[in-house]
Amino acid sequence: MSSPPDSSPPLLPSVGHGPAHSGRLPDSSAPENTASLEFKARMLLLFMLLLVCGSALFVLYARGAFESTQRLVLMADDSEGVVVGMDMTFAGFPIGRVRRIELAEDGKARILVDVAQKDAHWLRSSSVFTLVKGIVGGPNIRAYTGLLNDPPLPENAVRTVLQGDASAEIPRVIASAKELIDNLNSLTGSSGSVGASLASLQVLTRRLNGPGGALTVLLGSEAEAKKFSATLDRTNTLLARLDGIAIKTDTQVFGDKGVLPETRATVVQLNAMLGEARTSLQKVDAILVNAQAITSNARDATNDLGALRGDVEASLRKVEGLVSEINRKWPFARDAEMKLP
């Protein structure tokens, strides 16, 4: 039976070291509230579990766990820096992922890569795979395909990885830099070619700033520079004298009383004399014409004399023949001699 309701005000719980006491009796709806809270807590836990499972499934899907893949085996000398889950890239895009790393019987590393079927067409039988280790960051697995018309890469194909380690070049680079520094030190030292060139340049600058200046540098010594300067002075003096002689020559030749005016007057007189000679020659030409006529007459007379002489010689020959005939028939005078005119 329920107790009759109490009309007195409810008692506040006492505060102290002892247990709290209530002035009211417990409510009969408390078990129902507890069951409701338990149900809500179970639903919340179930929702959280479903949320975690969904997130895990989404992550697996995003990572390609449910995609169909193609296995590719890459053989490398070592797998240093390669970890499971590393991407294999083609043209900067991830097309595969490292699933497992094994040690082969020949001591090489077997890198098992799963390539998605949707990206497998980028890999061909002539594709090249590299494992590049940079100075900063981890290594990268990259695929290169030059001929996309080649046959596609088969399942479980085994390919050798070309490795390149940039950090392995650091000791050689350091050695080359050290050698370069040593060469620079030997060049710039006091006995090096650069040091000798600088010393020669200092000597050249000192000579340029010296008394002879550039002449000392060109001629080799200050004495030669002085000789050259003296030669220049003498040349200038000679040129001054030649200028004076030229001025005097101009006065004597082209002046009012110079040679050229007198020569011009002589030429005028000579032209007058030549005119007179030309007139005389004209007179001589007339005389020669007359003489030519006289010579022509004399030539005709000479021709007549020649004919006359021929007649005389013929008569004389006849007379001589007659005398010879007389001497042959009547030899009165054997030594007779006849003189022709």
Side-chain angles (χ1 to χ4, degrees), residues 48-187:
M48 292 297 296
L49 180 61
L50 292 176
L51 182 62
V52 170
C53 292
S55 300
L57 291 175
F58 178 77
V59 171
L60 291 175
Y61 175 77
R63 298 287 292 178
F66 303 105
E67 291 181 352
S68 59
T69 59
Q70 176 180 331
R71 179 59 56 88
L72 172 64
V73 181
L74 300 178
M75 303 297 294
D77 293 336
D78 61 81
S79 62
E80 183 180 359
V82 181
V83 295
V84 175
M86 178 185 295
D87 292 333
M88 183 182 71
T89 60
F90 176 83
F93 295 92
I95 61 173
R97 186 172 291 107
V98 177
R99 291 301 181 188
R100 194 168 61 224
I101 302 173
E102 300 175 351
L103 184 62
E105 295 179 358
D106 55 356
K108 293 186 177 181
R110 287 170 51 91
I111 304 174
L112 306 180
V113 181
D114 290 342
V115 182
Q117 286 290 345
K118 63 183 182 65
D119 296 325
H121 65 280
W122 296 113
L123 301 180
R124 300 290 175 171
S125 60
S126 60
S127 298
V128 178
F129 302 91
T130 61
L131 178 60
V132 180
K133 299 177 183 179
I135 299 176
V136 180
N140 297 317
I141 301 177
R142 298 174 183 175
Y144 300 92
T145 302
L147 301 175
L148 295 176
N149 296 327
D150 289 345
L153 194 68
E155 178 75 17
N156 294 322
V158 180
R159 291 291 184 271
T160 302
V161 178
L162 303 178
Q163 292 182 275
D165 191 358
S167 60
E169 301 294 329
I170 294 178
R172 189 171 66 178
V173 172
I174 294 175
S176 300
K178 183 178 179 182
E179 183 179 359
L180 178 61
I181 293 172
D182 293 338
N183 292 332
L184 289 176
N185 290 331
S186 62
L187 287 174

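Both backbone and side-chain heavy atoms feed into the values below; hydrogens, waters and symmetry mates do not. Just so we're clear, the structure is a prediction, and the values are computed from it rather than from any experiment.
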task = Identify the residue among Ile111, Leu123, Leu162, Val113 that makes a side chain to side chain contact (heavy atoms under 4.5 Å, CB included) with Phe129.
result = Leu123
key: Separation between CG of Leu180 and CG of Leu184, rounded to the nearest 0.5 Å   = 4.5 Å
note = All heavy atoms of Gly81 vs all of Met86, minimum pair found to be O-CE, 3.3 Å
task = Verify, without hydrogens or angle tests, whether Ser68 (side chain) and Gln117 (backbone) share a donor-acceptor contact under 3.5 angstrom.
result = no
key: Rounded distance (nearest 0.5 Å) linking atom NZ of Lys178 with atom CG of Asn183   = 12.5 Å
note = Rounded to the nearest 0.5 angstrom, the CD1-CG distance for Ile95 and Asp119 is 6.0 Å
message = I need the Lys133 NZ to Asn140 CG distance, nearest 0.5 Å.
response = 11.5 Å
ask   = Is Arg142 reaching over with its side chain to a backbone N or O of Thr130, donor-acceptor style, under 3.5 angstrom?
value = no
task = Give the minimum heavy-atom separation between Leu72 and Ala157, together with the two atoms involved.
result = CD1-O, 3.4 Å
Shortest non-hydrogen separation from Gln70 to Ala120 and the atoms involved = OE1-CB, 3.4 Å
message = I need the minimum non-hydrogen distance between Pro139 and Leu131, along with the two atoms involved.
response = CB-CD1, 3.9 Å
task = Give a yes or no on this: more than 12 heavy atoms of other residues, nucleotides or ligands lie within 6.0 Å of atom CD of Glu179.
result = no
message = Between Pro151 and Arg124, is there a side-chain heavy-atom distance shorter than 4.5 Å?
response = no
query = Say you draw a straight line from OG of Ser79 to CD1 of Ile101; how long is it, rounded to the nearest 0.5 Å?
reply = 5.0 Å
inquiry  = Contact between Gln163 and Asp78 at the side-chain level, heavy atoms closer than 4.5 Å - yes or no?
reply    = yes
request  = Step through the shown structure and confirm whether more than 12 heavy atoms of other residues, nucleotides or ligands are within 6.0 Å of CD on Glu80.
outcome  = no
ask   = Side chain of Asp87, backbone of Thr89: donor and acceptor closer than 3.5 Å?
value = no
ask   = Quick one: does Met75's side chain get under 4.5 Å of Arg159's, heavy atoms only?
value = no
Reported NZ-to-CG distance for the pair Lys108 and Asp77, which is rounded to 0.5 angstrom = 5.5 Å
